[in-house]
Amino acid sequence: MGTIIQLMNNTVRVRFAPSPTGFFHIGSARTALFNWLYARHTGGTFVLRVEDTDKERNTEEALRVLYEGMRWLGLDWDEGPEAGGDYGPYFQSQREDIYKSYLEKLRASGRAYDKEGAVFFKISGEAQVIQDAVRGEVSRTEEKDFVIFRSNGTPVFHFVNVVDDIEMKITHVIRGEDHLSNTSKHVELFKAFGAPLPTFAHIPLILKSQGSGKMSKRDEGALIEDYASRHFLPEAVRNYLCLLGWSPKDDREILSIEEIIKLFDLSGINKNNARFDERKLSFINADYVRKLPLETLAWLTRPMLTQAGVLEEGCDEDYFQSVLAISQEKVKDLESMPDFLKYFFKEDYSQDEKAHKKIFKKPEAKTRLEEIFGLFKSQEVFTAEALEPAVEALATEHETGTGAYIQPVRFAISGQGMGPSFYPLLEVLGKDRVIGRIESFLAAS
RNA sequence: GUCCCGUUCGUCUAGCCAGGCCCAGGACACUGGAUUUUCAUUCCAGUAACAGGGGUUCAAAUCCCCUACGGGACGCCA
C-alpha cells in the first residue's frame, strides 16, 4: 500500500539526453547512471531523449551503440525510444513543430529577433541564481544575446534542451559540470517561457588518468563498448562508476545495485572532479568475477574458450566445471581466461620463460622432478587429499620443503609459475596428464 | 583574457554544512610478512594527505578572506 501512496506523490522526472555520436563515452554513461539511480531511488521516471538536432550524427549505428551501452550497464529507461511514453516523440529531430511554437512565444513577447539570418534570444541582463543540488547557490550573468535558431532554420542546443525539459516536465536536471556555465542561458529561457525552474544538479567531471583535462573519447578506457568487448562484468563497471563522484560514506565500496539505489541521493554527490583509475576498476572487476556463481562463470567463459580454440565441441562438462571451480579464486578477469586455462585442454600451451628460469636455476629442481615422478607413478589414489600427505612425506624423506617439488611440477605440467591451488590442480588434471607431461618435460630438458 | 566551479595520502574517498571524539579513517596501487606450498586469491602490517598565507575562536581539515594551482564555459557543436 505504501508504494501506491509513494507513486501518487512522486513527481520526480529525470532525463538523460545524449547526442548519438557513434560511441558511448564513460562520462556520459556516468551521467546516465546518476540520473537512473536518482529515478530508481525516488521511484521517479527516467527518460531517454535523443538530441539528434545535428542530423549527420543521427545514424542507426550510432543509436545502436547508445542503446547497447545503456542496456549493458543495466540502465533501463521508462520513457523514450523503444519504450514510448506520453511526452514523445523522444527524438529532437521529430519535434520541429514544438520548437516552432515555442519560438513564436518568444517573438510574441519580444524576446526573439532576426539578425544576420539567424534568430537571437534577447537576454535580461540580470544575474541568474540557481540553487544547485550539488554545489549550492551559483550565480552567473549572461552578457550577450545568443542564437536560438540557426540561419538554416534549425534550433540550437540551449533552446531545444530547455523546451524539451519544459514539455517533458523534467523536475531534476542532473548533468555534467561542463554545463554549469550554460545554465544561466537556460534559466533565462525558462523564465522567458514563464516555466518553473527544474532543480539543477551539476555532477563532477571524470578526468583522464594521465595528463590534464577531462576524459575524451580518444583516451584509453574512455568508451563503454571497450569494456564490453574486453569482457568486463557490467555490474563491476557500474559499481566503479558509482564511486566516481559519489560514495556510500561508510567505507564500503563494493555494493549491490539495490544497496546503491537505496543510499544514492543528490546531496551525497561530490563537488570535485574525479580522476579515472583503471587499476581500481580492474580490482573491482576481479572481485566480481571471483564471486560469480560457478554456473554463471561457466556460461560466460565457455564461448570465449570455444572461440579461442581452447575448448573443443563435446568437451566433458564435469571436467570443464571442475577446472573452473579450482581456477576461479585465482582469476583476475574474464579476458585472460583462454590463456589462463589453456593447459587444461590442450597440449600446445605456452611456457612462461621467466618462471622457467626462476625455478630451474636451482640445479636440484630437475632431481626433485625425477623423485616426485616416481611417487606419482606409484600413486594409486590420485586425489588432492591423498597427494598432499604423500608429497609431504617425500619432502621429509629428502629433507626439504614441499615447495621444492611444487614449483618444478607446476611448471612441468602447466608451463606456468602460478595457477590454481597445487593439489587440486593435480587431481583435476589427472594422473595420466600429470605423469605424461612430467615425462616429456624431463625428456626435453 | 572574462566568467563559473573546485582543492584531504600517487589515485578514489570519509570527516567539513551543525569547529573539539582527527598528530585525519577506508579502498586501489606500492612495500614487507603470514597461509611450515609457488601464485593473480585470502589474511596481517607498513609508507603516504588536510595546497599556501592571513583572520575568527579557548580550540579549525572543518567558518571567513586572499593567493596559488586544477577543471570547465565562453560556437549559427551538443
Side-chain angles (χ1 to χ4, degrees), chain A residues 17-21 28 51-54 56-57 92 115-120 130 132 134-136 138-144 146-161 175-185 202 204-207 209-210 212-214 240 242-254 267-268 270-284 286-287 289-290 327-333 336 340 355 358-359 388 391-392 395 401-411 414 416-423 425:
Chain A
S19 175
T21 52
S28 304
E51 304 218 335
D52 58 348
T53 52
D54 186 344
E56 288 169 28
R57 292 181 177 183
Q92 289 187 332
K115 191 174 107 184
E116 296 158 5
V119 182
F120 282 70
I130 61 162
D132 193 281
V134 174
R135 277 143 223 289
V138 178
S139 171
R140 189 171 181 278
T141 308
E142 209 51 45
E143 310 247 295
K144 57 180 193 224
F146 56 91
V147 171
I148 50 176
F149 269 73
R150 304 184 185 87
S151 48
N152 69 5
T154 60
V156 305
F157 163 74
H158 302 298
F159 182 83
V160 295
N161 194 265
R175 58 180 16 167
E177 201 229 62
D178 48 347
H179 285 295
L180 189 54
S181 303
N182 290 329
T183 307
S184 47
K185 285 189 179 70
H202 287 93
L205 267 23
I206 298 177
L207 268 27
S209 42
Q210 308 283 331
S212 66
K214 60 176 175 174
Y240 175 69
C242 287
L243 264 21
L244 247 32
W246 176 85
S247 90
K249 317 283 184 215
D250 61 2
D251 291 348
R252 286 182 299 166
E253 297 199 313
I254 297 182
S267 61
N270 294 132
K271 296 179 175 70
N272 46 314
N273 296 162
R275 200 170 281 277
F276 180 79
D277 183 7
E278 186 167 321
R279 288 175 307 184
K280 185 142 185 174
L281 204 206
S282 295
F283 169 82
I284 291 174
D287 198 76
V289 173
R290 282 179 222 117
S327 305
Q328 183 171 21
E329 65 167 357
K330 297 297 176 71
V331 164
K332 72 171 190 295
D333 57 43
S336 59
F340 191 64
K358 188 180 165 193
I359 295 164
E388 186 163 355
V391 174
E392 277 166 7
T402 50
Y405 292 98
I406 289 170
Q407 286 181 281
V409 172
R410 178 189 292 286
F411 190 85
S414 73
Q416 303 299 311
M418 73 274 197
S421 248
F422 184 64
Y423 301 105
L425 170 66

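Keep in mind that this is a model prediction, so the values were computed, not measured. Each chain gets a letter, A, B and so on, in the order its sequence line appears, and its residues count up from 1.
Taking CD1 of A:Ile254 as the reference point, atom CG of A:Asp287 lies at 3.5 Å (rounded to 0.5 Å). In this structure, CZ on A:Phe276 lies 12.0 Å from CG on A:Leu207, to the nearest 0.5 angstrom.
Nearest to the side chain of A:Lys214, among B:C39, B:U8, B:G72, sits B:G72. With distances taken from any side-chain atom of A:Asp178 to the nucleotides B:C28, B:A78, B:G72, the minimum falls on B:G72. Of the listed nucleotides (B:U38, B:C12, B:C77), B:C12 has the atom at the smallest distance from the side chain of A:Glu253.
Within the 4.0 angstrom heavy-atom criterion, base atoms lie near A:Asn182. Residue contacts for A:Lys144: at a heavy-atom cut-off of 4.0 Å it reaches the sugar-phosphate backbone alone, with no base atom in range. Among the heavy atoms of the strands lying under 4.0 Å from A:Lys249 are primed sugar atoms or P, OP1, OP2 only; no base atom is included. Using a 4.0 Å heavy-atom cutoff across all strands shown, A:Gly213 reaches sugar-phosphate atoms only and no base atom. Residue-level contact check: A:Ala274 touches the backbone only, with heavy atoms under 4.0 Å from sugar-phosphate atoms and none from bases. Within 4.0 Å of A:Glu388, counting heavy atoms only, lies at least one base atom of the nucleic acid. Residue contacts for A:His202: at a heavy-atom cut-off of 4.0 Å it reaches no nucleic acid atom on any strand shown. Among the heavy atoms of the strands lying under 4.0 Å from A:Gly417 is at least one base atom, whether or not backbone atoms are also near.
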Protein-nucleic acid N or O pairs under 3.5 Å, nucleotides 65-67 of chain B:
none

Nucleotide N/O to protein N/O under 3.5 Å, stretch nucleotides 41-45 of chain B:
| from | atom 1 | to | atom 2 | distance (Å) |
| --- | --- | --- | --- | --- |
| B:U41 | O4' | A:Glu329 | O | 3.0 |
| B:U41 | O2' | A:Glu329 | O | 3.2 |

I'd like a list of close polar pairs between nucleotides 16-25 of chain B and the protein, N/O only, cut-off under 3.5 Å.
| from | atom 1 | to | atom 2 | distance (Å) |
| --- | --- | --- | --- | --- |
| B:G25 | N2 | A:Asp251 | OD1 | 3.3 |

Tabulate protein N/O versus nucleotide N/O from nucleotides 2-5 of chain B, keeping only pairs under 3.5 Å, one per line.
| from | atom 1 | to | atom 2 | distance (Å) |
| --- | --- | --- | --- | --- |
| B:C3 | O2' | A:Arg140 | NE | 3.3 |
| B:C5 | O2' | A:Arg135 | NH1 | 2.4 |
| B:C5 | O2' | A:Glu177 | OE2 | 3.0 |

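In terms of modelled atom types and a separation under 3.5 Å, the side chain of A:Lys330 and the main chain of A:Met418 share no donor-acceptor contact.
Side-chain nitrogen and oxygen atoms of A:Ser151 include none within less than 4.0 Å of the OP1 or OP2 phosphate oxygen of B:C76. Listed pair A:Arg175 / B:A78 fails the phosphate criterion, with no side-chain N or O lying under 4.0 Å from OP1 or OP2.
Every residue was checked against the ring pair (Phe, Tyr, Trp, His ring centres under 6.0 Å) condition with A:Phe340, not counting sequence neighbours, and none meets it. Looking at residues two or more places apart in sequence or on another chain, you find a salt bridge (Lys or Arg N to Asp or Glu O under 4.0 Å) between A:Asp277 and A:Arg279. Remark: A:Arg275 pairs with no residue by the side chain to side chain donor-acceptor pair (under 3.5 Å) rule, at least two apart or across chains. With sequence neighbours left out, A:Tyr240 forms a side chain to side chain donor-acceptor pair (under 3.5 Å) with no residue at all. By the side chain to side chain donor-acceptor pair (under 3.5 Å) test, A:Thr183 pairs with A:Arg175, A:His202, sequence neighbours left out. Looking at residues two or more places apart in sequence or on another chain, you find a salt bridge (Lys or Arg N to Asp or Glu O under 4.0 Å) between A:Asp178 and A:Lys214. Residues forming a side chain to side chain donor-acceptor pair (under 3.5 Å) with A:Glu278 (at least two apart in sequence, or on another chain): A:Arg230. Take A:Lys280 and apply the salt bridge (Lys or Arg N to Asp or Glu O under 4.0 Å) test, not counting sequence neighbours, and it matches A:Glu253.
Ionic pairing of A:Glu142 and A:Lys144 is not present here: no N-O contact between side-chain nitrogen and carboxylate oxygen is shorter than 4.0 angstrom.
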